[in-house]
Amino acid sequence: EPEVTQTPSHQVTQMGQEVILRCVPISNHLYFYWYRQILGQKVEFLVSFYNNEISEKSEIFDDQFSVERPDGSNFTLKIRSTKLEDSAMYFCASSHGLARAYEQYFGPGTRLTVT
Amino acid sequence: AQSVTQLGSHVSVSEGALVLLRCNYSSSVPPYLFWYVQYPNQGLQLLLKYTSAATLVKGINGFEAEFKKSETSFHLTKPSAHMSDAAEYFCAVSDQGRDDKIIFGKGTRLHILP
């Protein structure tokens, strides 16, 4: 069964450093998403992406964040200058988008630790 | 704005007993509703979804949920709990838009007592 994959599974970085989290969505999916989950808190929407542009972003997704689909398979989230409060689990998701039941498939997540 | 409220951050049930996890939603339009499960150190797995068809929705692993518009509820149930059901469960809502974001509740951790 096709699945969303994410790398790395765990990333440790120092405050102020840039990080890139990588995702490979399911191959025929058209919509891509990033969510994050701070430890002990709920999963929060960050951004959605369709047709090579951002569809919607939350107030969390400020100028420090960017997303890109550099080739036909990868979908990346970049944090330009990490802060301690960026420490969280980051989930990528994708959906087919052509049926009414727009089911989002989630990856296993990348745990980002900012020290 | 859409939101979901999950009642109880922790629920404990005995193995073999009924599981009931409560979720109430708020939405200005007919919603899509979901239950996701997260096992320790894993990602989010879809248990079931409501998409305006049948109000009683059956999912994987014996779980089901009933959409009750009058009560704005979408509670998750399973007749007989199994030890492997121990996990975090998230209720979620989205609009019927094609690429709409999913709004998650705070989650309920289900503990199964032997």
Side-chain angles (χ1 to χ4, degrees), chain A residues 1 3-7 9-10 21 23-26 29-61 88-111, chain B residues 1-10 21 23-26 29-54 57-60 65 67 87-109:
Chain A
E1 187 177 329
E3 58 184 18
V4 176
T5 59
Q6 291 184 242
T7 55
S9 56
H10 192 189
L21 309 183
C23 168
V24 178
I26 295 173
H29 283 190
L30 302 176
Y31 294 86
F32 313 109
Y33 312 82
W34 283 101
Y35 294 81
R36 80 170 187 192
Q37 183 182 30
I38 294 173
L39 186 65
Q41 298 186 25
K42 65 179 178 180
V43 179
E44 301 172 290
F45 168 77
L46 289 179
V47 65
S48 58
F49 190 86
Y50 169 70
N51 200 25
N52 283 318
E53 60 183 29
I54 290 174
S55 306
E56 186 176 359
K57 58 183 181 180
S58 72
E59 57 190 28
I60 302 168
F61 194 88
M89 181 74 93
Y90 289 81
F91 293 105
C92 173
S94 68
S95 71
H96 191 272
L98 294 181
R100 287 294 291 173
Y102 305 117
E103 180 176 332
Q104 293 182 22
Y105 292 79
F106 284 78
T110 292
R111 181 167 297 284
Chain B
Q2 296 171 303
S3 66
V4 289
T5 302
Q6 291 184 244
L7 300 175
S9 56
H10 292 265
L21 304 182
C23 172
N24 289 90
Y25 71 91
S26 172
V29 298
Y32 280 8
L33 292 161
F34 309 86
W35 275 98
Y36 282 86
V37 60
Q38 185 180 30
Y39 297 102
N41 301 314
Q42 294 189 28
L44 296 160
Q45 182 182 7
L46 181 68
L47 269 181
L48 49 80
K49 62 188 177 196
Y50 166 76
T51 57
S52 73
V57 181
K58 293 189 186 298
I60 61 172
F67 173 71
E88 185 100 22
Y89 291 80
F90 294 93
C91 182
V93 63
S94 76
D95 273 348
Q96 295 187 31
R98 175 172 292 180
D99 63 345
D100 202 41
K101 61 184 178 290
I102 292 177
I103 306 296
F104 286 86
K106 291 186 176 181
T108 297
R109 184 164 294 279

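Chain identifiers are assigned alphabetically (A, B, ...) following the order of the sequence lines, protein sequences preceding nucleic acid strands; residue numbering begins at 1 within each chain. From a predicted model like this one, the values you see are computed outputs, not experimental measurements.
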Fill in: A:L39, CG atom: more than 12 neighbouring heavy atoms under 6.0 Å
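Count not over threshold, so no.
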Discussion item. With rounding to the nearest 0.5 angstrom, report the OG to CD1 distance, A:S58 to B:I103.
Written reply: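 With rounding to 0.5 Å, OG (A:S58) is 9.0 Å from CD1 (B:I103).
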Worksheet item: Do B:Q38 and A:F91 have side chains that get closer than 4.5 Å, going by heavy atoms?
Response: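 Of all side-chain heavy-atom pairs linking A:F91 with B:Q38, at least one is under 4.5 Å.
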Discussion item. Under the criterion side-chain contact (heavy atoms from CB on, under 4.5 Å), I'd like the reasoning laid out for B:Y32 against A:E103: C-alpha separation, chi angles, the key distance, then a yes or no.
Written reply: CA-CA 10 Å; B:Y32 280 8; A:E103 180 176 332; over 6 Å; no
Worksheet item: With a 4.5 angstrom heavy-atom cut-off, which part of B:E88 approaches chain A: side chain, backbone, both or neither?
Response: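 Answer is neither: B:E88 stays 4.5 Å or more from chain A.
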Worksheet entry | Engaged part of B:L44 at the chain A interface, taking heavy atoms whose separation is under 4.5 Å |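 Contact with chain A: backbone and side chain both.
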Fill in: Residues A:Q104, B:Y36; criterion side-chain contact (heavy atoms from CB on, under 4.5 Å); working and verdict
CA-CA 11 Å; A:Q104 293 182 22; B:Y36 282 86; 4.2 Å; yes
Discussion item. I'd like to know whether the aromatic ring centres of A:Y35 and B:F104 sit less than 6.0 Å apart in this structure.
Written reply: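 Yes, the ring of A:Y35 comes within the 6.0 Å limit of the ring of B:F104, centre to centre.
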Item to complete: Could you tell me which of B:A92, B:G105, B:G107 has the largest number of non-hydrogen atom pairs under 4.5 Å with chain A?
Response: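 When all of B:A92, B:G105, B:G107 are compared, B:G105 has the most.
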Discussion item. What part of A:Q37 gets within 4.5 angstrom of chain B, counting heavy atoms only: side chain, backbone, both, or neither?
Written reply: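 Just the side chain, heavy atoms under 4.5 Å.
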Practice prompt. Start with the C-alpha gap between B:K101 and A:E56, add the side-chain angles, then the distance that decides, and say whether side-chain contact (heavy atoms from CB on, under 4.5 Å) holds.
Written response: CA-CA 8 Å; B:K101 61 184 178 290; A:E56 186 176 359; 2.5 Å; yes
